[in-house]
Number of protein chains: 2
Amino acid sequence: MQYSKSTDYALHALLHLARPELRNNVGIKELSGMLEVSESYLSKIMSKLRQDGLVRAVPGANGGYELARPAEDISFLDVVQVIEGRQQMFECSNSRSRQHRLLAEEEDGREPAPSRGSECLVEKVMNGAEQQLHQYLREHTIQSVLDEALQRGGFQAAKKR
Amino acid sequence: MQYSKSTDYALHALLHLARPELRNNVGIKELSGMLEVSESYLSKIMSKLRQDGLVRAVPGANGGYELARPAEDISFLDVVQVIEGRQQMFECSNSRSRQHRLLAEEEDGREPAPSRGSECLVEKVMNGAEQQLHQYLREHTIQSVLDEALQRGGFQAAKKR
DNA sequence: CCTATTATGGACCTGTGATGTCCATAATAT
DNA sequence: ATATTATGGACATCACAGGTCCATAATAGG
């Protein structure tokens, strides 16, 4: 039950791409140097982000990556779902035996909750919890984190006044 | 980013142990039959639950398992943490390079937020999300799910009227 | 047109952890 | 004494995270 390192890399990479003083197109070299991860591996992650429309990429000299949409339109949930996938965190392994035996113990002939969709009550709780998580991740964006970093006095050195 | 099957088994096993019509000590045979999982494997899970004080076990003839505390004192969070562990879901892989390079780009000499603890802002968001998840899991107990099952008309067959 | 640069995708490798199985041992009731 | 039941160790298997390497394509600059 751990988020992968790829999620960590992806979030930090996007955060870097969102920095105000961006010259267009940040190369993989700069990104991988920043995050202390190999170019090859980070490439895979960036490709995934591109396939899902979070960044744009241009090959060739002076190429690189840039955000495909405004940073405030990229939520943490977007990133997590691209990297970790969109399947739910919990699935009852055998809904037929589980919930049905729990709700209607010994085959009394009634259909077990036919209209409501025979959802496992355990799964229902776990899905509810996941929704709480998603809601929070949806409310936090690349931009909101960047704002907090700026507010804390970061990036002032980057201005080279 | 998936909960393990063990968590599924553990939750359903506890739910079964919490059923009102319990004769003391439910054996591994009955539990494994119910959940359609091998006795050997479920044993490991039950042992873990015992080591963490969620159930009691007695060996020997007529032995088996029973809840170690009232079902309303066993939250989903308790179970998840026993099975999945208690480490946080997200950890910034290199806090020294990450947040520090983001907040104080080019070594300007200031200590980067010394009092506040150099916490990664990305990690902070992810931890916040996890807390939302935990809060929800803390509010749902074995008993609360059992109540909902009863309310839905389950278990009436078990009374053998 | 030629070359250097940069992203892409496929193939491959490795360690770790989830999911089980099997067996010897200990404890308990009859 | 014997049958029953939980426990713990040793293994086996398999998928996946995490990562490397290389051939290919696209692009800019001369």
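The sequence lines fix the lettering, A, B, ..., with proteins before strands; numbering per chain opens at 1.
A sub-4.0 Å separation between OP1 or OP2 of C:dA18 and a side-chain N or O of B:Y9 is absent. Between B:N62 and D:dT4 there is no side-chain N or O to OP1 or OP2 distance below 4.0 Å. Checking the phosphate oxygens (OP1, OP2) of C:dT19, a side-chain nitrogen or oxygen of B:S4 falls inside 4.0 Å. A:R50 has no side-chain polar atom (N or O) that falls below the 4.0 Å cut-off from OP1 or OP2 of C:dA7.
B:D52 places no side-chain N or O within donor-acceptor distance of the main-chain N or O of B:V82, the cut-off being under 3.5 Å. Without hydrogens or angle criteria, B:E66 side chain to B:N24 main chain gives no donor-acceptor distance under 3.5 Å. Between the side chain of A:Q132 and the backbone N or O of B:Y136 there is no donor-acceptor pair closer than 3.5 Å.
Residues from residues 38-47 of chain B lying near DNA chain C, meaning a heavy-atom separation below 4.0 Å, are B:S38, B:S40, B:Y41, B:K44 in numerical order.
Protein atom CZ of A:R56 is 14 Å distant from nucleotide atom P of D:dT27, rounded to whole Å. At whole-Å resolution of the value, CG in B:N25 and C1' in C:dT28 are 11 Å apart. Atoms CE (B:M89) and P (D:dA17) sit 16 Å apart, rounded to a whole Å. One interatomic measurement links the two molecules: CD1 of A:I83 to C1' of D:dC16, which rounds to 15 Å at whole-angstrom precision. We find that NZ of A:K5 is positioned 12 Å from P of C:dG17, with the value rounded to whole Å. C:dG9 atom P lies 12 Å from atom NZ of A:K48, rounded to whole Å. A:Y65 places its OH atom 17 Å from the P atom of C:dT5, with the value rounded to the nearest Å. Straight-line distance from the CG atom of A:D8 to the P atom of D:dA17: 15 Å, rounded to whole Å.
Nearest-nucleotide positions on DNA chain C for B:Y3 and A:V26 put A:V26 closer to the 5' end. Comparing A:G27 and B:S6 against DNA chain C, the residue whose closest nucleotide sits nearer the 5' end is A:G27.
In this structure, B:Q51 reaches the sugar-phosphate backbone alone: every heavy-atom distance under 4.0 Å involves primed, P, OP1 or OP2 atoms, never a base. At the heavy-atom level, B:E30 lies nowhere under 4.0 Å from the strands shown.
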message: Please determine whether side-chain hydrogen bond (donor to acceptor under 3.5 Å, both in side chains) holds for the pair B:Q135 and B:E139, giving the CA-CA distance in whole Å, both sets of side-chain angles, and the decisive distance to 0.1 Å.
response: CA-CA 6 Å; B:Q135 183 55 34; B:E139 289 164 356; 2.9 Å; yes
- prompt: Given A:D78 and A:S75, is the side-chain hydrogen bond (donor to acceptor under 3.5 Å, both in side chains) satisfied, shown in steps?
  reply: CA-CA 5 Å; A:D78 291 330; A:S75 72; 3.2 Å; yes
message: Is there a side-chain hydrogen bond (donor to acceptor under 3.5 Å, both in side chains) between A:Y41 and A:S6? Walk through the geometry before answering.
response: CA-CA 9 Å; A:Y41 192 50; A:S6 295; 3.1 Å; yes
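Note that CG of B:L54 and CZ of B:R69 are 5.5 Å apart. Values are rounded to the nearest 0.5 Å.
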